[in-house]
Amino acid sequence: MNKIAIYPGSFDPLTMGHVNIIERGLHVFDEVIVAIAHNTSKKTVFTEEERLEHLHLVFSANPRVKIDRFEGLLVDYARKTGAGSVLRGIRTVSDYEYEFQMALANKRLYPDMETIFMMTDGAYSYLSSTIIKEIIRFGGSAEGMVPPAIADLLKRKLAGV
Ligand code: ADP
C-alpha cells in the first residue's frame with residue numbers, strides 16, 4: 001500500500017522551512033501532496049496560481065511530490081485523494097497549540113487519518129512566510145530563507161513591479 005501524505009498550507013511564499021519538511025516527509029512517505037488550502041478570508045501576497053507555479057518550479061523534477069490545491073475541509077480532500085496522513089511542521093509552542101486543536105478536530109471528523117508532526121530543523125526554526133515578507137519589505141536579504149527560484153519573484157512582487 002502506498003503511503004501518501006498531504007502537506008497543506010498557504011505557502012505565501014514557499015520557504016526553506018517548508019522545503020525542509022517536504023524533503024524529510026519523503027523519507028517517511030512514498031508520496032507527498034503539497035496542497036494549497038484555498039482560503040478566501042486570508043489576504044495573500046501571491047495569488048493561488050502564482051503559489052502553485054512556485055511549487056512547480058521547485059518540485060517539478062520530483063515525481064514523488066504532487067502539487068495541488070483544495071477547497072473546504074482537509075478531511076474531505078484526504079478522502080478524495082486516498083491520503084492516510086497529514087504532514088505538519090512545528091516550530092514553536094504557539095504552533096503546537098493550534099496544530100493540536102486542528103489535529104484533534106480532524107481526528108474527530110476522519111478517525112482513519114493521522115496527523116504526523118515534524119519538528120522544524122534547527123536552522124529554520126525562526127522562519128515563517130510572514131517574517132520573510134517583513135525582511136524583504138524593509139530592504140533585507142532573504143538569501144537562504146526561500147528557494148533561489150522564488151527569491152527574485154518575491155522581491156519584485158513586494159516592490160510592486
Ligand atoms: P498555514 O497557513 O496552514 O499555517 P503555512 O504555509 O504557514 O500554512 O505552513 C504550512 C505548514 O508548514 C505548517 O504546518 C507550519 O507549521 C509549517 N511550517 C512553516 N514554516 C516552518 C518552518 N520554518 N519549519 C517547520 N515547519 C514550518
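This is a predicted model, so every value here is computed, not measured. In each ligand, atom 1 is the first atom listed, and ligand 1 is the first ligand listed. Throughout, numbering of the chain's residues begins at 1 and tracks the sequence.
Smallest separation of non-hydrogen atoms from Ile36 and Leu52: CD1-N, 3.5 Å.
Under a cut-off of 6.0 angstrom, the local environment of NZ in Lys66 is crowded, with over 12 non-hydrogen atoms contributed by other residues, nucleotides or ligands.
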When you pair each N or O of ligand 1 with protein N or O atoms, which pairs come out under 3.5 Å?
from	atom 1	to	atom 2	distance (Å)
ligand 1	2 (O)	Ser10	OG	2.7
ligand 1	2 (O)	Lys42	NZ	2.8
ligand 1	3 (O)	Arg88	NH1	3.2
ligand 1	3 (O)	Arg88	NH2	3.3
ligand 1	6 (O)	Ser10	N	3.1
ligand 1	6 (O)	Phe11	N	3.0
ligand 1	6 (O)	His18	NE2	3.2
ligand 1	8 (O)	Ser10	N	3.1
ligand 1	9 (O)	His18	NE2	3.4
ligand 1	12 (O)	Tyr7	OH	2.6
ligand 1	14 (O)	Arg88	NE	3.1
ligand 1	14 (O)	Gly89	N	3.0
ligand 1	14 (O)	Gly89	O	3.3
ligand 1	16 (O)	Gly89	O	2.6
ligand 1	20 (N)	Arg91	NH1	3.2
ligand 1	23 (N)	Tyr124	O	2.9
ligand 1	23 (N)	Leu127	O	3.1
ligand 1	24 (N)	Thr120	OG1	2.9

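With Ser141 contributing its side chain and Glu143 its backbone, the two residues share a donor-acceptor pair below 3.5 Å.
Sorted by first then second residue, the ring-ring contact (aromatic ring centres under 6.0 Å, His included) pairs that include residues 98-128, not counting sequence neighbours, are Tyr96-Phe100.
Residues Arg88 and Glu99 are paired through a salt bridge, judged by an N-O separation under 4.0 Å between the basic side chain and the carboxylate.
Phe11 and His18 have their aromatic ring centers within a separation under 6.0 angstrom.
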